[in-house]
Amino acid sequence: MSDLRETRLDKARALEALGQSPYALSFAPSHRTAQLQQAHADLAKGEERAEAVAVAGRLMTRRVMGKLAFFTLADETGPIQLYIDKASLETAHPHNPDIFSQITTLTDAGDWIGVHGTLKRTDRGELSVKVSDWQMLSKSLQPLPDKWHGLADVEKRYRQRYLDLIVSPHTRETFRRRALLVSTMRRWLDEREFLEIETPVLQSQAGGADARPFATHHNTLDLPLTLRIATELHLKRLVVGGFERVYELGRIFRNEGISTRHNPEFTSVEIYQAFADYHDMMVLTETLIATCCQAVCGGTVIEYQGTSIDLTPPWTRATMHELVQRATGLDFNAFSSRAQAAAAMQAVDLVVPEAADSVGRLLVEAFEQRVESSLIQPTFVLDYPVENSPLARTHRSKPGLVERFELFIVGRETANAFSELIDPVDQRRRLEAQQERRRAGDPEAQTVDEDFLHALEVGMPPTGGLGIGIDRLVMLLTDSPSIRDVIAFPLLRPEGRAEVGSDAMG
RNA sequence: GGGUCGCUAGCUCAGCGGUAGAGCACUCGGCUUUUAACCGAUUGGUCCUGAGUUCGAAUCUCAGGCGACCCA
């Protein structure tokens with residue numbers, strides 16, 4: 001409503017007329033509110049303490065009653081009450097008899113203000129700053145959302161996240177936890193001598209995952225480019241170069257659908273450790289995630305959407321074959337042809353998609369249909385079919401499989417790791433098979449990256465590699481049902497307002 | 001891509017074929033211990049957009065927009 005805005009602009013002009021800018025340059029708080037609450041917890045009801053303090057924050061509520069007013073001021077650490085007494089304010093400002101009416105009429109909920117004063121715990125027990133002076137720091141021209149109900153409109157919470165953050169403590173806590181998780185993870189890796197090295201986001205050839213990329217273009221070079229869909233192939237080049245422990249925690253872009261578990265840009269960490277295999281990476285994964293959980297949640301047993309999740313290592317390890325057999329009764333080791341596997345699947349009411357053109361791919365289908373969503377407690381699923389995993393090393397003892405695991409928690413894929421494929425000849429064969437699938441019409445199949453293959457020919461040590469989806473981990477540790485709850489600014493369709501072109505239809 | 005639901009005042013919502021409503025916020029008046037302050041008065045609308053049905057549409061129908069959830 002422009003009336004509300006106009007009223008507030010009038011107040012800003014009134015401040016200027018008084019010689020006070022509605023947009024201050026700076027302010028020097030002596031404390032944050034949480035410090036004061038803690039330091040003066042011993043102050044008794046009705047008592048005052050003459051310590052001079054300065055606090056700054058956003059006005060959240062205002063209660064004016066004649067010659068006394070109570071405001072709630074919140075800084076990032078939380079709220080504190082302002083006790084504004086007309087008589088004592090006037091005593092402190094003998095040359096400005098209007099100071100009380102100025103602070104009560106020129107401020108609104110949403111303004112940033114700074115105050116000086118002393119401490120007082122009111123008769124009702126609320127620690128307050130008894131205000132002796134005040135200053136507008138930034139005049140707000142827009143009303144805050146409903147102070148009691150907050151922002152219920154989910155769309156508005158995502159589109160105007162700043163409002164959501166102002167009124168929703170839970171949202172603020174989610175992003176604090178996200179930051180803590182990321183910093184804990186980096187510290188843990190840094191302490192173990194993993195080097196974080198940044199690899200290119202803009203690439204002439206996207207690789208390292210089965211996914212469709214975003215396309216863009218470099219003008220000066222007149223070069224088509226894509227945004228990365230994984231960091232894998234470049235981090236492996238760094239291992240070839242002699243860095244034995246590397247990682248990168250950063251943004252990945254995949255041109256795919258949007259859902260409660262998918263955002264087109266998301267954050268992953270990929271970690272590579274020379275001389276390690278996928279068993280080592282399992283230990284690393286459960287230790288790292290348990291460490292982060294401990295730091296973020298204060299323990300390793302947490303609640304997610306009403307279900308208790310125990311992240312205390314060690315976690316369950318089971319092969320995909322075992323899990324599928326347990327869930328369906330089908331032993332995929334016994335099938336010698338796709339037709340045989342497909343018939344067996346149909347006999348137990350499993351869907352057999354055309355695109356799943358091998359026993360291995362059907363095994364993955366059966367897993368996704370009957371097992372995945374039931375893996376609530378953390379579970380390492382081991383030993384995937386080779387045709388689904390072109391960058392993983394073939395299994396040391398099981399033909400047709402690779403040394404790969406995926407980690408599932410609350411039915412969601414949360415991490416993915418291999419004993420990396422370092423044999424350049426085998427790698428070329430696998431990528432060429434992918435290229436063939438791509439030609440046959442699979443837009444997610446991988447391409448042959450000649451420079452990557454050259455790097456492998458130069459020589460890569462045996463290496464364990466791991467990728468963890470940070471957003472899904474944050475969802476788990478913040479009890480968030482949607483990925484949009486853990487991404488500050490999730491991708492949304494632009495709000496469509498009546499377009500000029502549509503008028504022509506009238 | 002399919003299905004279900006939603007969109008009404010700045011915010012939270014009611015109204016479901018017959019004058020557009022409430023609480024909070026805003027504005028004005030009162031109030032020196034409030035904390036969802038209270039009491040009184042006022043103000044505030046492209047009922048998401050467009051078309052249709054109807055004497056009459058926020059309400060019914062169709063199309064579109066945006067979103068949420070479920071399914072693929």
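Note that this is a predicted model, so its numbers are computed, not measured. Because only heavy atoms are used, hydrogens play no part in the values below, and waters and symmetry mates are left out as well, while side chains stay in. Letters go in sequence order (proteins before strands), and every chain restarts at 1.
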Undergrad: Decide whether a cation-pi geometry holds between A:Arg404 and A:Phe418; the criteria are a distance under 6.0 Å from NZ or CZ to the six-membered ring centre and an angle within 45° of the ring axis.
TA: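 Relative to the ring axis of A:Phe418, which defines the angle, A:Arg404 lies outside at least one limit.
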Undergrad: Classify the nucleic acid contact of A:Arg157 as base, sugar-phosphate or nothing, counting any heavy atom under 4.0 Å across all strands shown.
TA: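 Touches nothing.
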Undergrad: Looking at A:Lys67 and A:Glu90, does any basic side-chain N land under 4.0 Å from a carboxylate oxygen?
TA: no
Undergrad: Over all strands shown, is A:Val167 touching base, sugar-phosphate only, or nothing at heavy-atom distances under 4.0 angstrom?
TA: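 Nothing, no nucleic acid heavy atom in range.
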Undergrad: Between P on B:rU42 and CG on A:Asp3, what's the gap in Å once rounded to a whole number?
TA: 17 Å
Undergrad: What's the gap between B:rC48 and B:rA58 when it is taken at their C1' atoms, as a whole Å value?
TA: 12 Å
Undergrad: What is the nucleic acid contact for A:Thr122, judged by heavy atoms within less than 4.0 Å: base, sugar-phosphate only, or nothing?
TA: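 Contact class for A:Thr122: base.
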Undergrad: Which whole number of Å gives the distance between the P atom of B:rC16 and that of B:rU61?
TA: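 Taking atom P in both B:rC16 and B:rU61, they lie 15 Å apart.
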Undergrad: For A:Glu90 and B:rU32, what is the distance between atoms CD and C1' respectively, to the nearest whole Å?
TA: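 Atom-to-atom, A:Glu90 to B:rU32, this comes out as 12 Å.
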Undergrad: Give the nucleotide from the list B:rC11, B:rC69, B:rU33 with an atom nearest to the side chain of A:Leu68.
TA: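 Given the options B:rC11, B:rC69, B:rU33, the side chain of A:Leu68 is closest to B:rU33.
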Undergrad: Between B:rC11, B:rC26, B:rA68, which nucleotide gets closest to the side-chain atoms of A:Leu492?
TA: B:rA68
Undergrad: Measure from the side chain of A:Lys120, starting at C-beta and using heavy atoms only, and say which of B:rU12, B:rU27, B:rU33 lies closest.
TA: B:rU33
Undergrad: As a test of reading the structure: which of B:rC26, B:rU35, B:rA36 is closest to the side chain of A:Trp148, going by heavy atoms?
TA: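 Selected nucleotide (nearest to the side chain): B:rA36.
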Undergrad: What's the closest nucleotide to the side chain of A:Arg159 if the choices are B:rC66, B:rU12, B:rU33?
TA: B:rC66
Undergrad: Starting the side chain at C-beta, find the nucleotide from B:rU32, B:rG67, B:rC26 nearest to A:Ala87.
TA: B:rU32
Undergrad: Check whether A:Arg484 reaches the backbone of A:Asn263 with its side chain - one donor and one acceptor, N or O, closer than 3.5 Å.
TA: no
Undergrad: Could you tell me whether A:Glu126 and A:Arg121 have a side-chain N and a carboxylate O separated by less than 4.0 Å?
TA: no
Undergrad: With a cut-off of less than 4.0 Å, is there a side-chain N or O of A:Arg484 near OP1 or OP2 of B:rA68?
TA: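 For B:rA68, OP1 or OP2 has a side-chain N or O of A:Arg484 closer than 4.0 Å.
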Undergrad: Looking for any heavy atom pair under 4.0 Å, which part of the strands does A:Gly150 touch: base, sugar-phosphate only, or nothing?
TA: sugar-phosphate
Undergrad: Go through B:rU33, B:rC66, B:rC69 for me and flag the one nearest to the A:Glu155 side chain.
TA: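 Selected nucleotide (nearest to the side chain): B:rC66.
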Undergrad: Using atom P of each nucleotide, how far apart are B:rU33 and B:rG44 to the nearest Å?
TA: 35 Å
Undergrad: Below 4.0 angstrom, N of the basic side chain to O of the carboxylate: do A:Lys139 and A:Asp108 qualify?
TA: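 Here A:Lys139 pairs with A:Asp108 in a salt bridge, since their nearest N and O are under 4.0 Å apart.
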Undergrad: For RNA chain B, please output the secondary structure as dot-bracket, reading 5' to 3'. Pairs are Watson-Crick or G-U wobble, both atom distances under 3.5 Å; mark crossing pairs with [ ], other-strand partners with |, unpaired with a dot.
TA: (((((((..((((....[..))))..((((.......))))......(((((..]....)))))))))))).
Undergrad: Which nucleotide in the list B:rU32, B:rA68, B:rC66 gets nearest to the side chain of A:Val154?
TA: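 Among the listed nucleotides, the one closest to the side chain of A:Val154 is B:rA68.
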Undergrad: In terms of side-chain heavy atoms of A:Leu151, which of B:rU35, B:rC11, B:rC26 is nearest?
TA: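 Nearest to the side chain of A:Leu151 among the choices is B:rC11.
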Undergrad: Answer yes or no: is there an ion pair linking A:Arg251 with A:Glu265, defined by an N-O contact shorter than 4.0 Å?
TA: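 A salt bridge links A:Arg251 with A:Glu265.
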Undergrad: Does A:Arg63 put a side-chain nitrogen or oxygen below 4.0 Å from OP1 or OP2 of B:rU35?
TA: no
Undergrad: Please state the C1' separation for the pair B:rC60 and B:rC24 - nearest whole angstrom.
TA: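 B:rC60 and B:rC24 have their C1' atoms separated by 33 Å.
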Undergrad: For B:rG67, take OP1 and OP2 only and decide whether either is under 4.0 Å from a side-chain N or O of A:Arg493.
TA: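 Looking at the OP1 and OP2 atoms of B:rG67, one of them is under 4.0 Å from a side-chain N or O of A:Arg493.
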Undergrad: I want to know whether A:Phe408 and A:Phe367 have ring centres closer than 6.0 Å.
TA: yes
Undergrad: Relative to A:Tyr83, does A:Lys120 satisfy both conditions: NZ or CZ under 6.0 angstrom from the six-membered ring centre, and within 45 degrees of the ring's axis?
TA: yes
Undergrad: Between A:Ile483 (CD1) and B:rA68 (P), how many Å, whole number?
TA: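 Taking atom P of B:rA68 as the reference, CD1 of A:Ile483 is at 13 Å.
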Undergrad: I want to check one thing: is the phosphate of B:rU27, taken as OP1 and OP2, less than 4.0 Å away from some side-chain N or O of A:Lys11?
TA: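 Checking A:Lys11 against B:rU27: at least one side-chain N or O falls below 4.0 Å of OP1 or OP2.
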Undergrad: B:rU49 and B:rG67: how far apart are their C1' atoms, nearest whole angstrom?
TA: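 Here B:rU49 and B:rG67 have their C1' atoms 15 Å from each other.
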Undergrad: Could you check whether A:Arg157 pairs with A:Asp485 (Lys NZ or Arg NE/NH1/NH2 to Asp/Glu carboxylate O, under 4.0 Å)?
TA: yes
Undergrad: For atom C1', what is the distance between B:rC47 and B:rG10, given to the nearest Å?
TA: 16 Å
Undergrad: Whole-Å distance between B:rA25 P and A:Met60 CE?
TA: 14 Å
Undergrad: Quick one: A:Leu4 CG to B:rU43 P, roughly how many Å, whole number?
TA: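 In whole Å, B:rU43 P and A:Leu4 CG are 15 Å from each other.
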Undergrad: Determine the interatomic distance between P on B:rG45 and the same-named atom on B:rG21; round to the nearest Å.
TA: 13 Å
Undergrad: How close or far is atom C1' of B:rC31 from atom CD1 of A:Ile84, stated in whole angstroms?
TA: 16 Å
Undergrad: Rounded off to whole Å, could you give me the OH-to-P distance for the A:Tyr158 and B:rA68 pair?
TA: 7 Å
Undergrad: Could you check how far CD of A:Glu365 sits from P of B:rA72, rounded to whole Å?
TA: 11 Å
Undergrad: A:Asp146 side chain: which of B:rC69, B:rU27, B:rC24 is closest?
TA: B:rC24
Undergrad: Rounding to an integer number of angstrom, what distance separates B:rC28 and B:rG64 when you compare their P atoms?
TA: 48 Å
Undergrad: Under 4.0 Å from OP1 or OP2 of B:rG67: is there any side-chain N or O of A:Lys156 that close?
TA: no
Undergrad: Tell me whether A:Asp357 is salt-bridged to A:Arg338, with the criterion being a basic N under 4.0 Å from an acidic carboxylate O.
TA: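 The answer is no: the pair does not qualify as a salt bridge.
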